[in-house]
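One-based numbering, in listed order, for ligands and for the atoms of each.
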Amino acid sequence: MSQDIRTRLIHHDYVAPAEFESPVVPVHKASTVFFPDVAALRSRRWVDKSGYTYGLHGTPTTFTLEARLATLEHARHVLLAPSGLSALNVVNQALLSSGDALLLPDNVYFPSRDMARHELARWGIAHRVYDALDPTTLDAALGPDVKLVWLEAPGSVTLEFPDLRALVRRCRERAPQAVLALDNTWGAGLAFNPFALGEEGLGVDLTIHALTKYPSGGGDVLMGSIACLDDALHERLAWTHSRLGLGVGANDAEALLRSLPSLALRYHAQDQAARRIAEWAQGQSAVRRVLHPALPGSPGHAHWAGLCTAAAGLLTLEIDPRHSVEQVNALVDGLQCFRIGWSWGGPVSLAVPYQARFMRELPTPYEGVLVRLCIGLESVDDLIVDLAAGLARLG
Ligand SMILES: *Cc1c(COP(=O)(O)O)cnc(C)c1O
């Protein structure tokens with residue numbers, strides 16, 4: 001080898017000893033991955049994680065994160081995407097072609113519906129909505145053109161918990177060709193097992209997570225995942241994922257690996273805090289309805305109770321319709337602990353007002369302004385004081 005310092009600063013005989021171990025998985029950064037010879041370059045496979053080929057297709061850091069997420073979700077395969085929304089998009093692009101249709105629950109995460117209305121519609125893919133609380137509404141929507149059915153539990157913002165078992169059973173009976181996909185961001189792998197919804201073989205085919213929420217837990221990382229059991233489905237998703245050129249940053253993957261050990265502690269603490277606030281809010285005269293799946297009387301509570309052992313730290317208050325949008329905005333503006341912002345699952349509690357009539361295609365019972373609360377890690381007593389002062393300001 002040349003003795004030129006420019007070459008020796010790149011190529012060197014010294015190799016650091018193997019078997020360095022510490023609690024944290026190292027951050028492996030790469031676009032280029034070296035192969036010992038051309039035969040290895042030709043034969044290595046990343047799709048089953050048996051080898052490294054290119055940074056975009058996996059590093060020890062991302063493969064480890066994928067394996068831990070597969071364990072969390074009771075899945076066999078996991079792919080990482082740069083955001084939860086891009087994970088949804090991988091599934092749509094992998095499974096749908098021009099002339100196909102997909103079904104969405106009417107209370108779906110809004111950007112998912114927006115993707116169907118814009119990109120998917122332009123590509124000749126139709127979407128139809130069903131009422132997640134009424135599985136019979138699937139009947140009119142399920143046809144031979146339906147290749148993908150999205151499920152979400154609970155619904156976005158309004159938090160209705162569907163009868164997932166009934167929805168899955170009906171789809172399997174009437175549209176055996178359709179892949180059943182669950183957005184399991186709320187369940188975070190901890191509330192229930194979506195691949196085993198009770199009876200033998202009754203489960204969804206794949207799930208996506210916005211790792212941005214609870215798995216990150218910091219309000220600082222954007223990432224998504226796609227999990228499945230079936231090898232052939234995984235390969236289909238993995239090839240589309242690869243052709244779309246999606247990758248995640250090594251430091252972001254490491255941030256996720258650091259957050260996962262505390263996921264269950266945080267999830268359960270935020271669950272307990274949200275339940276306490278939901279019970280308190282039920283007794284407040286300005287609150288018409290408290291939406292929280294673990295609260296008796298909340299839409300779909302029985303379905304939640306029949307399936308779940310936990311709930312996420314989200315709740316929504318329907319403010320009495322006698323209070324105007326402006327009054328409710330002022331309530332939210334004046335909160336001290338709760339900050340105004342999107343997303344959830346981080347340490348800071350968040351509040352966002354919504355109006356149901358702008359969010360749904362099907363009729364909803366919500367006439368009052370909705371305030372979606374995401375509970376962080378502050379003292380619950382402080383959060384209740386903050387909300388009580390806000391409700392008092394309504395007059
Ligand atoms: C936040 C969220 C997403 C999207 O995640 P991003 O990482 O923000 O793109 C998808 N589905 C649900 C249910 C979410 O809450």
Side-chain angles (χ1 to χ4, degrees), residues 65 69 73 78-93 102 104-120 129 132 148-162 164 181-192 194 204 206-227 241 244 246-249 252-253 255-256 259 263 266-267 270-271 274 291-293 300 304 308 311-316 341-346 348-352 354 359-360 370 372-376:
L65 177 56
L69 292 169
E73 189 69 334
V78 166
L79 294 164
L80 299 175
S83 66
L85 190 53
S86 69
L88 286 163
N89 184 40
V90 169
V91 174
N92 288 335
Q93 290 207 39
L102 79 156
L104 300 171
D106 193 40
N107 54 9
V108 71
Y109 175 66
F110 182 78
S112 185
R113 185 199 304 253
D114 228 27
M115 192 190 304
R117 280 182 181 159
H118 292 273
E119 276 64 36
L120 300 186
V129 300
L148 177 62
V149 178
W150 278 103
L151 306 158
E152 198 167 319
S156 189
V157 181
T158 42
L159 302 174
E160 301 93 350
F161 206 95
L164 283 178
L182 172 74
D183 183 333
N184 197 24
T185 301
W186 181 94
L190 296 168
F192 63 97
V204 299
L206 70 89
T207 66
I208 74 102
H209 282 226
L211 302 175
T212 308
K213 309 288 165 54
Y214 288 105
S216 146
D220 55 349
V221 178
L222 287 157
M223 206 180 292
S225 63
I226 306 154
H241 178 272
L244 289 172
L246 301 175
V248 303
D252 285 347
L256 256 298
S259 298
L263 170 67
R266 290 184 280 108
Y267 191 85
Q270 289 169 322
D271 176 4
L291 301 168
H292 183 306
W304 172 85
C308 297
L314 289 177
L315 69 149
T316 295
W342 305 116
S343 199
W344 30 279
V348 180
S349 292
L350 299 171
V352 177
Y354 291 88
M359 300 160 56
R360 305 285 180 248
L370 304 173
R372 202 270 305 275
L373 302 174
C374 142
I375 307 305

Exercise. Short N/O distance, under 3.5 Å, between Leu222 and ligand 1?
Worked result: no

- Item | Sub-3.5 Å N/O-N/O distance, Glu152 and ligand 1 | no

Ligand 1 atoms nearer than 4.0 angstrom to some heavy atom of Ala210 are 1 (C), 2 (C), 3 (C), 4 (C), 5 (O)

So, does [X] use its side chain to make a donor-acceptor pair with the main chain of [Y] at under 3.5 Å?
X: Arg372; Y: Ser156; result: no
X: Thr316; Y: Leu370; result: no
X: His241; Y: Leu80; result: yes
X: Glu160; Y: Leu291; result: no

Of Trp342, Tyr109, Trp344, the residue with the heavy atom nearest atom 10 (C) of ligand 1 is Tyr109

Atom 11 (N) of ligand 1: of Asn89, Ile208, Asp183, Thr185, the nearest heavy atom sits on Asp183

Taken in chain and number order and not counting sequence neighbours, the residues that satisfy salt bridge (charged side-chain N to carboxylate O under 4.0 Å, His left out) with Arg113 are Asp106, Glu361

Within the 4.0 Å heavy-atom cut-off, what Trp186 brings close to ligand 1 is neither

Contact region, Leu85 to ligand 1, non-hydrogen atoms below 4.0 Å, reads both

Before we go on, tell me: are the rings of Tyr109 and Trp150 under 6.0 Å apart, centre to centre? no

*Would a line drawn from the ring center of Trp344 to the ring center of Tyr214 be shorter than 6.0 Å?*
yes

So which protein heavy atom does [atom] come closest to, and at what separation?
atom: atom 1 (C) of ligand 1; value: Lys213 NZ, 1.5 Å
atom: atom 6 (P) of ligand 1; value: Gly84 N, 3.3 Å
atom: atom 7 (O) of ligand 1; value: Thr212 OG1, 2.6 Å

